[in-house]
Chemist: 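Handing you a structure now.
Both ligands and their constituent atoms are indexed starting at 1 by order of listing.
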Amino acid sequence: MTQAFSKVTAIRGMNDALPGASARWEQLEALVREWLRAYGYRNMRAPILEHTRLFTRGIGEVTDIVEKEMYTFTDLLNGESLTMRPEFTAGMVRAAIEHNLLYDRPQRVYAMGPVFRHERPQRGRYRQFHQIDVEALGLAGPDIDAELIVMVARLWKLLGISDVKLEINSLGQGEERAAHRAALIEHLEQHKDILDEDGLRRMYTNPLRVLDTKNPAMQAMADAAPKLFDFLGETSRAHFEGVCARLKDAGVPYRLNPRMVRGLDYYNLTVFEWVTDKLGAQATVCGGGRYDGLIELLGGKGAPAVGFAIGMERLLDLWGQYQPEVAAPECEVYIVHQGDEAQRRAALLAESLRDVGLAVIVHAGAASFKSQFKRADASAAAIAVILGGDELAAGVASVKMLRAVDQTPDTAQLSVPLDDLVAFLKDKVN
Ligand code: ATP
Ligand code: MG
């Protein structure tokens, strides 16, 4: 048969998670919620669409994200510029301000979900991807920076992941950054000839960002550039040392990376990334830091904050390298039947089984026992229940163990009175 319509495919860089893969996502999400609960973090949800100016102001005009990665469009109904969130923090902070969340106490919050960036798709880099975003709002000390980092170390442990390394840096405060900025611009001016297009454009608008380059030709120049870390005053240094001391207390190894600036403008003091060499070119699984100026910048009453985001696709990729997926069965009990009456009885029986917590599929439609059993087997159900004319006449159902649900494999077909069936199956599955 010829196809009447052309196929509509997914948008490039935007992935489907089919049932098997999605089960893995759900497993991760459940684990993540438990992990966050252990630290007193509560879930919150903000919209995917926000006013564009939230991100241009919050993330910074001269950043990769705002300059070239945002999905921005005009709302045709009212001419407003809207943007699909490229990250969570700006929206979380907007919501916290709008609802006065920090009025009488700090807030530990998290969100999980899709974010959108118009990047070149490759392994670990997609246009719709997912983040676990964690924010501690209204807390200023190095204790909370360290707690967040230690918390991530615990997640790696929970997932059985090793080989993720922690890099940290301090971006200091405004005045320190200004002094460093002047020195940096001088350095960049001396090496104008090797700056690429981005570098030249950002030299005066966001010189720090020039050092964040992935251009190999600029690495040596970036390595030799004056380091912000050397411009830190006593208070900033004390904060940084406070974080380091607590990481040592917790036995979390780290490396100072004085070149790390992170991809967003709002950070100050502590910044950190967890990197691995197990994900090809996309090395960073988790990135975060302190952003004490953002709440005020977005119109709130000034308050400190610190947070991080984990890329879930990269995390799943990594997790899979340590703990292979185990396919989850579609159901626990698969009911096959023969004849109209048996089919109707099967539907009612399935409801009773669901009442006691079992997952049940009733074979849909009519088919030979053989083809129904094939389906039952493909569903990976532990138990098949057979309802045929003979069974109904005798007031029983046949039960066949397709897979050993307990230690003793039991392949015989059993005859169980219909009245006892629910209790029998419940006992078998649990
Ligand atoms: P990168 O340097 O890899 O572009 P980033 O600094 O832009 O990362 P963040 O904005 O800090 O990334 O986002 C937090 C995390 O989200 C990253 O550490 C990474 O794990 C993940 N991530 C970022 N961009 C993508 C993407 N396009 N596709 C999949 N995951 C991503
Ligand atoms: Mg990026």
Chemist: Given side chains that start at C-beta, do those of Met44 and Tyr110 come closer than 4.5 Å, heavy atoms only?
Modeler: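 Of all side-chain heavy-atom pairs linking Tyr110 with Met44, none is under 4.5 Å.
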Chemist: Hey, does Glu119 come in under 3.5 Å of ligand 1, counting only N/O atoms on both sides?
Modeler: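 Yes: some nitrogen or oxygen of Glu119 is under 3.5 Å from one in ligand 1.
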Chemist: Do Lys400's NZ or CZ and the ring of Phe373 fall within the cation-pi criteria of under 6.0 Å and 45°?
Modeler: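 Yes, Lys400 and Phe373 form such a contact.
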Chemist: Quick check against the 3.5 Å criterion: does Thr83 have a side-chain atom that pairs as donor or acceptor with the backbone of Arg85?
Modeler: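 It does not hold such a pair.
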Chemist: With a 4.0 Å cut-off on heavy atoms, is Arg125 touching ligand 1?
Modeler: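 The answer is yes: ligand 1 sits under 4.0 Å from a heavy atom of Arg125.
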Chemist: For Ala305, does its backbone N or O pair with a side-chain atom of Glu135 as donor and acceptor, under 3.5 Å?
Modeler: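 Not confirmed, Glu135 side chain does not pair with Ala305 backbone.
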Chemist: So for Lys214, does at least one of its heavy atoms come nearer than 4.0 angstrom to any atom of ligand 1?
Modeler: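 Lys214 counts as a contact of ligand 1 under the 4.0 Å cut-off.
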Chemist: May I ask you to check if Arg24 and Trp319 form a cation-pi contact, with NZ or CZ under 6.0 angstrom from the six-membered ring centre and within 45° of the axis?
Modeler: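 Ring-cation test returns yes.
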Chemist: Check if Glu87 has a non-hydrogen atom at a distance under 4.0 Å from any atom of ligand 1.
Modeler: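 It does not; every heavy atom stays at 4.0 Å or beyond.
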Chemist: Check each atom of ligand 1 against the heavy atoms of Val285 and keep those under 4.0 Å away; list them by number with element.
Modeler: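 Matching atoms, with element in brackets: 18 (O), 20 (O).
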Chemist: Stepwise, does the salt bridge (Lys or Arg N to Asp or Glu O under 4.0 Å) test hold for Glu189 with Lys192?
Modeler: CA-CA 5 Å; Glu189 280 172 339; Lys192 238 182 176 153; 5.8 Å; no
Chemist: Report yes or no: does Arg117 have a heavy atom closer than 4.0 Å to ligand 1?
Modeler: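 Yes, that is the case, since the closest heavy atom of the residue is under 4.0 Å from the ligand.
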Chemist: Counting only nitrogen or oxygen atoms and a 3.5 angstrom limit, does Arg314 reach ligand 1?
Modeler: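 Yes, at least one N or O pair falls under 3.5 Å.
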